[in-house]
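A quick write-up on the structure given underneath.
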There are 2 protein chains.
Amino acid sequence: MRYAVPMAWDTAATRQALLDAGARQFAERGFAGARMDAIGADAGVNKERVYQYFGNKRGLFDAVLADRLGDLLGAAHAPSPGSGAAGIAAYAGALFDRFAERPELARLLAWESLELDGAADAVARTARCASQADVLASALPGLSPAAAQQLLLSIVTLCAGWWTLARVSEMVAPGSDAPARRAVLVTQAEALARAA
Amino acid sequence: MRYAVPMAWDTAATRQALLDAGARQFAERGFAGARMDAIGADAGVNKERVYQYFGNKRGLFDAVLADRLGDLLGAAHAPSPGSGAAGIAAYAGALFDRFAERPELARLLAWESLELDGAADAVARTARCASQADVLASALPGLSPAAAQQLLLSIVTLCAGWWTLARVSEMVAPGSDAPARRAVLVTQAEALARAA
DNA sequence: CCCAATTGCAAACGGATGGTTGGAGATGCG
DNA sequence: CGCATCTCCAACCATCCGTTTGCAATTGGG
């Protein structure tokens, strides 16, 4: 039959468009709530292409999580060795900024934890988290690896929390906005680093 | 037609059973992922009863959130006036314990933030959060109301985070378990209180 | 005891939805 | 240029699912 538009090939662009649309739709509505029709429409591609490139809805979700969250913690500017609590504070600010410029990242983290029993691309991402914890350990001489992991976990939890627990934020700190929350988190990260 | 079992009335029990089943199913799968058939089966009640008592699926979800999360922060043992950073630390431990004994609470908080634009029963819950922030302010003389709100928000975010960002916890702190995480959070809450 | 109102159930409805199918159009190679 | 293969689309399928319907059973008041 005649199609609405001429149908040129662009395999890489189609796949990327589906990943981008999938990221938007899964961030907004989660795995269960996202609709294949909506993903296709958002991508400007027929939804049948998802099955060709990713296998099924779950395959696309895993691909989106791996693609978007693969090096989330490393994407924020890391503290320098020996930079101490100030370096950790700056890292918290940079991570918060990362979430602020791409709020779908925090939301995808939250959906992943609620809807999946295991993280997408867990082995690679766990290795990257270990590297990032090592970076924090080198910023704070004397910090054990386990303590660095706990510190990093708290910083990520606090920074992402503005988006992952947005309703809680609205009720507990109704007068706050993102810049105010960022400032508090930078101070709190420094305090956590000092106490670590 | 003949029913599978005799059909006695118990209005209050039926409503409670649906709330309890709804809490379990919504905590596990979220609003979009929960199934009305499964809620009815879990409650041991015909799913049609949800429409009689709560209007529709969304009405049940709102009722569950209001019922389970209404006084979440107050349910944990509050710090005494003037009890200082130690009181805040103990409060963090109590809140973590609250989440540990009823992990559906943290998950419901997260689903609410991801799936709704506004919290259920927001006015009442915001008032309760303000009261709880006042309790923290009285525990730490000199703490401003806004700073108390930010401190409370960070404590809630950190305590709930073990469940709301469970996959992140597994990747960032793979060797940690709940008791270890609890101990770190108690220490971290004390550090945050000192810096507030 | 009778009857109106209420509660509860099984079955059905209409629309939604993930996934599949058949075929058109594009590409690349001989 | 012809043909095999690949990419893409529109339409369809089978099942799912929130909600409604018709009626049975229970309850309580006169």
Side-chain angles (χ1 to χ4, degrees), chain A residues 1-65 111-112 115-116 120, chain B residues 1-65 111-112 115-116 120:
Chain A
M1 68 289 266
R2 303 292 291 183
Y3 298 113
V5 293
M7 185 173 51
W9 284 27
D10 196 338
T11 309
T14 300
R15 190 174 194 283
Q16 190 60 52
L18 287 170
L19 275 175
D20 292 345
R24 287 189 289 272
Q25 295 291 325
F26 287 131
E28 176 65 25
R29 299 172 183 279
F31 176 75
R35 297 285 171 258
M36 300 301 287
D37 276 338
I39 291 171
D42 194 332
V45 165
N46 196 274
K47 68 174 176 175
E48 178 276 330
R49 293 284 79 200
V50 171
Y51 301 91
Q52 175 64 30
Y53 288 106
F54 301 98
N56 55 22
K57 185 182 185 185
R58 174 61 195 270
L60 176 61
F61 189 45
D62 281 345
V64 163
L65 294 175
W111 288 116
E112 179 180 49
E115 298 189 289
L116 301 186
Chain B
M1 68 287 266
R2 304 293 291 183
Y3 296 115
V5 294
M7 184 173 48
W9 283 25
D10 196 338
T11 309
T14 300
R15 190 173 193 284
Q16 190 60 52
L18 287 169
L19 275 176
D20 292 344
R24 289 188 289 270
Q25 295 290 326
F26 286 129
E28 177 66 25
R29 299 173 182 279
F31 176 75
R35 297 286 170 259
M36 300 301 288
D37 275 336
I39 291 171
D42 194 332
V45 164
N46 196 274
K47 66 176 174 172
E48 177 278 329
R49 291 284 80 199
V50 172
Y51 301 91
Q52 176 63 30
Y53 287 105
F54 301 98
N56 56 23
K57 186 182 185 185
R58 173 60 195 270
L60 177 61
F61 190 45
D62 281 344
V64 163
L65 294 175
W111 287 117
E112 179 180 48
E115 299 190 288
L116 301 186

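Chain A is the first sequence line, chain B the second, and so forth, proteins listed ahead of strands; every chain is numbered from 1. Computed from a predicted model, the values in this text were never measured in an experiment.
Residues forming a salt bridge (charged side-chain N to carboxylate O under 4.0 Å, His left out) with B:Lys57 (at least two apart in sequence, or on another chain): none. Not counting sequence neighbours, the partners of A:Phe26 by the ring-ring contact (aromatic ring centres under 6.0 Å, His included) test are A:Phe61.
Using a 4.0 Å heavy-atom cutoff across all strands shown, B:Ala12 reaches no nucleic acid atom at all. Looking at heavy-atom distances under 4.0 Å, A:Val45 makes contact with sugar-phosphate atoms alone, never a base.
Residue B:Tyr53 places at least one side-chain N or O under 4.0 Å from the OP1 or OP2 atom of C:dG8. Between B:Thr14 and C:dG8 there is a side-chain N or O to OP1 or OP2 distance below 4.0 Å.
One can place CE of A:Met36 at 16 Å from C1' of D:dA10, the figure rounded to the nearest angstrom. Following rounding to the nearest Å, A:Gln52 (CD) and D:dT5 (P) show an atom-to-atom distance of 15 Å. Atom CZ of B:Arg15 and atom P of C:dG8 are 12 Å apart (whole Å). One can place CG of A:Asn46 at 14 Å from C1' of C:dG25, the figure rounded to the nearest angstrom. A straight line from CD of A:Gln16 to P of D:dC8 spans 14 Å, rounded to a whole angstrom. The distance between atom OH of B:Tyr51 and atom P of C:dT7, rounded to the nearest whole Å, is 18 Å. Put simply, CZ on B:Arg35 is 17 Å from P on D:dT15, counting in whole angstrom units. Rounded to whole Å, atom C1' of C:dT17 lies 18 Å from atom CZ of A:Phe61.
Considering only the side chain of B:Trp9, D:dA25 comes nearest among D:dC16, D:dA25, C:dG18. Closest to the B:Lys57 side chain, of the nucleotides D:dT19, D:dT7, C:dT17, is D:dT19. Residue B:Met7 has its side chain nearest to D:dA24 when only D:dC8, D:dA24, C:dT17 are considered. Closest approach to the A:Arg49 side chain among D:dC8, C:dG18, D:dT20 is made by D:dC8 (side chain taken as heavy atoms from C-beta onward).
A donor-acceptor contact under 3.5 angstrom links the side-chain atoms of A:Lys47 to the base of C:dG19. Evaluation of atom-type donor-acceptor distances gives no pair under 3.5 Å for the side chain of A:Asp37 against the base of C:dA16. A donor N or O paired with an acceptor N or O is found under 3.5 Å between the base of D:dC9 and the side-chain atoms of A:Glu48.
Formation of a donor-acceptor pair under 3.5 Å by the B:Asn56 side chain with backbone atoms of B:Gly59 is found in this model. Although no hydrogens or angles enter the test, the distance criterion places no donor-acceptor pair under 3.5 Å between the side chain of B:Trp111 and the main chain of B:Phe31.
Salt bridge absent: B:Asp20 and B:Arg24 never bring a charged side-chain N and a carboxylate O closer than 4.0 Å.
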